[in-house]
Engineer: 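My questions all concern the structure below.
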Amino acid sequence: MIKTSNPEYRIRVEKYLERQHFMKHINFSLDVIEEGVTEGWLDIKEIHKQQKGLVHGGVIATLADITAGFAAYTLVPEDQHVVTGEIKVSYLNPGIGEKLYARGWVLKQGRKMNFCEAEVWCVSGAQRTLIAKATTTMVTIFPEDIPK
């Protein structure tokens, strides 16, 4: 059972989103922040594409990482943080469309690690295509782990 250790998780995540400069740079935003789940959208622009006109794999991996990471963030206590310990992205279809939709969730919650998954979908009109699936391990950083 997924259960948060911080009832104010939404306020905390929104505060950290203000300092997510790379997210802002690529114009990705989270519009769903729930206990153990986050979702977001990105309008595909030229800066998101590689040389063949497809969405760059790094952009896709970034969205998977962000949504899975913030899903884990919703569960940890106020004095703890989360960093990506491992991520594996499987690219299933080319990124062709108007928007990207990403959803990340915690699959198994642990004290030191949260095992997460994420999906990234390409949206073109009413059509949605799953373009990537990711598995991640989000490592919990405790106050004593941070050098003073």
Side-chain angles (χ1 to χ4, degrees), residues 2 4 6 8-110 112-142 145-147:
I2 304 296
T4 188
N6 182 359
E8 301 295 323
Y9 68 84
R10 187 172 284 115
I11 293 167
R12 182 183 193 205
V13 168
E14 288 170 351
K15 181 178 97 179
Y16 285 134
L17 287 173
E18 292 174 15
R19 298 193 318 242
Q20 281 288 319
H21 302 294
F22 188 66
M23 273 181 69
K24 290 177 186 176
H25 178 70
I26 64 170
N27 292 314
F28 179 60
S29 60
L30 295 180
D31 62 346
V32 173
I33 303 167
E34 299 295 337
E35 193 171 355
V37 177
T38 64
E39 300 175 17
W41 291 89
L42 178 138
D43 290 327
I44 298 172
K45 305 288 185 203
E46 286 302 311
I47 65 164
H48 302 120
K49 297 177 183 178
Q50 43 85 300
Q51 69 280 0
K52 288 290 202 180
L54 307 174
V55 176
H56 193 285
V59 173
I60 296 164
T62 296
L63 301 192
D65 183 49
I66 289 169
T67 55
F70 275 110
Y73 240 116
T74 67
L75 303 181
V76 299
E78 183 67 32
D79 66 340
Q80 296 174 8
H81 298 276
V82 174
V83 295
T84 306
E86 173 269 337
I87 185 167
K88 179 196 180 291
V89 181
S90 296
Y91 298 93
L92 308 172
N93 288 293
I96 303 169
E98 301 157 6
K99 296 176 181 272
L100 293 179
Y101 163 75
R103 182 175 190 271
W105 63 94
V106 177
L107 189 62
K108 182 180 184 306
Q109 180 180 15
K112 293 186 176 184
M113 293 184 285
N114 286 287
F115 298 93
C116 304
E117 292 184 339
E119 293 178 345
V120 180
W121 295 74
C122 228
V123 179
S124 187
Q127 182 178 356
R128 287 189 180 198
T129 304
L130 179 63
I131 62 169
K133 180 95 172 165
T135 57
T136 73
T137 304
M138 295 296 166
V139 178
T140 303
I141 303 297
F142 296 86
D145 297 332
I146 300 171

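As the structure is a prediction and not an experimental result, all values here were calculated from the model. One is the number of the first residue; the rest follow in order along the sequence.
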Engineer: For residues Pro147 and Asp145, report the shortest heavy-atom separation together with the two atoms involved.
Structural biologist: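 Distance-wise, the nearest heavy atoms are CD-O, 3.5 Å.
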Engineer: In chain order, what residues pass the side-chain contact (heavy atoms from CB on, under 4.5 Å) check against Gln51, with sequence neighbours excluded?
Structural biologist: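 Listed in chain order: nothing, the list is empty.
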Engineer: Test side-chain contact (heavy atoms from CB on, under 4.5 Å) on Thr67 and Leu63 and set out the steps.
Structural biologist: CA-CA 6 Å; Thr67 55; Leu63 301 192; 5.6 Å; no
Engineer: On a heavy-atom basis, which atom in Thr74 and which in Val37 lie closest, and how many Å separate them?
Structural biologist: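 Closest pair (atom of Thr74, atom of Val37, distance): OG1-N, 4.4 Å.
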Engineer: Is there a donor-acceptor pair closer than 3.5 Å between any side-chain N or O of Glu78 and the backbone N or O of Asn6?
Structural biologist: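 No, the answer is negative, given that no donor and acceptor are paired below the 3.5 Å cut-off.
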Engineer: Test: ring pair (Phe, Tyr, Trp, His ring centres under 6.0 Å). Region: residues 62-81. Which pairs qualify, not counting sequence neighbours?
Structural biologist: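 Listed by first then second residue: Tyr16-Tyr73, Tyr16-His81, Phe70-Tyr73.
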Engineer: Hey, could you give me the OG1/CG distance between Thr38 and Leu30, rounded to the nearest 0.5 Å?
Structural biologist: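 Here the rounded value is 5.0 Å.
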Engineer: Please report the interatomic distance CZ(Phe28) to CD1(Ile66), rounded to the nearest 0.5 Å.
Structural biologist: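 Answer rounded to 0.5 Å: 5.5 Å.
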Engineer: Apply side-chain hydrogen bond (donor to acceptor under 3.5 Å, both in side chains) to Glu35 and list each qualifying residue two or more places apart in sequence or on a separate chain.
Structural biologist: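 Once residues adjacent in sequence are excluded, Glu35 has no partner under the side-chain hydrogen bond (donor to acceptor under 3.5 Å, both in side chains) criterion.
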Engineer: Name all residues meeting the salt bridge (Lys or Arg N to Asp or Glu O under 4.0 Å) criterion together with Arg10; count only those two or more places apart in sequence or in a different chain, and write none if there are none.
Structural biologist: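 Arg10 satisfies salt bridge (Lys or Arg N to Asp or Glu O under 4.0 Å) with Glu34 only.
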Engineer: Mind checking what makes salt bridge (Lys or Arg N to Asp or Glu O under 4.0 Å) contact with Asp43, not counting sequence neighbours?
Structural biologist: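 Only Lys99 meet the salt bridge (Lys or Arg N to Asp or Glu O under 4.0 Å) criterion with Asp43.
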Engineer: Hey, could you give me the OG1/NZ distance between Thr137 and Lys88, rounded to the nearest 0.5 Å?
Structural biologist: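 Answer for the OG1-NZ pair, Thr137 versus Lys88, is 12.5 Å.
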Engineer: Minimum heavy-atom separation for Ala72 and Val82, please, with both atom names.
Structural biologist: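 Looks like CB-CG1, 4.0 Å.
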Engineer: Which of these, Ile60, Val120, Ile131, sits in a side chain to side chain contact (heavy atoms under 4.5 Å, CB included) with Tyr91?
Structural biologist: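 So, applying the side chain to side chain contact (heavy atoms under 4.5 Å, CB included) to Tyr91 and each of Ile60, Val120, Ile131, only Ile60 qualifies.
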Engineer: Restricting to non-hydrogen atoms, name the atom on Ile44 and the atom on Cys122 that form the minimum distance, rounded to 0.1 Å.
Structural biologist: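 Minimum heavy-atom separation between Ile44 and Cys122: CD1-SG, 3.9 Å.
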Engineer: Could you check whether any side-chain N or O of Lys45 sits under 3.5 Å from a backbone N or O of Ile26, counting only pairs where one atom can act as donor and the other as acceptor?
Structural biologist: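 A pair under 3.5 Å: no.
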Engineer: Let's go through Val106 and Cys116 carefully: what are the C-alpha distance in whole Å and the side-chain angles of both, what is the deciding distance for side-chain contact (heavy atoms from CB on, under 4.5 Å) to 0.1 Å, and is it a yes or a no?
Structural biologist: CA-CA 4 Å; Val106 177; Cys116 304; 3.9 Å; yes
Engineer: Can you give me the closest heavy-atom contact between Ala118 and Ala64, atom names plus distance?
Structural biologist: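 Heavy atoms only, the tightest pair is CB-O, 3.6 Å.
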Engineer: Please enumerate all residues that pass salt bridge (Lys or Arg N to Asp or Glu O under 4.0 Å) together with Glu46, with sequence neighbours excluded.
Structural biologist: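 Per chain and number, Glu46 pairs via salt bridge (Lys or Arg N to Asp or Glu O under 4.0 Å) with Lys49.
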Engineer: Going by side-chain hydrogen bond (donor to acceptor under 3.5 Å, both in side chains), name the residues that satisfy it together with Asp79, two or more places apart in sequence or in a different chain.
Structural biologist: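 Partners of Asp79 under the side-chain hydrogen bond (donor to acceptor under 3.5 Å, both in side chains) test: none.
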Engineer: For Asp65, enumerate each residue passing the side-chain contact (heavy atoms from CB on, under 4.5 Å) test, keeping only those at least two apart in sequence or located in another chain.
Structural biologist: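 Thr84, Ile87, Met138.
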Engineer: Could I get the full list of side-chain contact (heavy atoms from CB on, under 4.5 Å) partners for Thr140, not counting sequence neighbours?
Structural biologist: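 For Thr140 the side-chain contact (heavy atoms from CB on, under 4.5 Å) partners, ignoring immediate neighbours, are Val76, Gln80, Asn114, Phe142.
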Engineer: Only counting residues at least two apart or in another chain, list the ones meeting side-chain hydrogen bond (donor to acceptor under 3.5 Å, both in side chains) with Glu39.
Structural biologist: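 Glu39 satisfies side-chain hydrogen bond (donor to acceptor under 3.5 Å, both in side chains) with Tyr101, Arg103 once adjacent residues are dropped.
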Engineer: State which residues pass side-chain hydrogen bond (donor to acceptor under 3.5 Å, both in side chains) with Gln20; sequence neighbours excluded, sorted by chain then number.
Structural biologist: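 Once residues adjacent in sequence are excluded, Gln20 has no partner under the side-chain hydrogen bond (donor to acceptor under 3.5 Å, both in side chains) criterion.
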Engineer: What's the shortest heavy-atom distance between Glu8 and Ile11, and which atoms?
Structural biologist: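 Shortest heavy-atom contact: OE1-CD1, 3.0 Å.
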Engineer: Between CE of Met113 and CD of Glu86, what distance do you get to the nearest 0.5 Å?
Structural biologist: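 So the CE of Met113 and the CD of Glu86 are separated by 10.5 Å.
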Engineer: About how many Å separate CG of Leu100 and CH2 of Trp41, when rounded to the nearest 0.5 Å?
Structural biologist: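 Here the interatomic distance stands at 9.5 Å.
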Engineer: Hey, what do you get for CG (Leu42) to CE (Met23), rounding to the nearest 0.5 Å?
Structural biologist: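 Separation between the atoms: 9.5 Å.
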Engineer: Keeping to residues at least two apart or across chains, list the salt bridge (Lys or Arg N to Asp or Glu O under 4.0 Å) pairs with something in residues 117-142.
Structural biologist: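 Found Glu117-Lys133, Glu119-Lys133.
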Engineer: Counting heavy atoms not belonging to Lys24, are there more than 12 under 6.0 Å from its NZ?
Structural biologist: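 Yes - once you tally the heavy atoms of other residues, nucleotides and ligands closer than 6.0 Å, there are more than 12.
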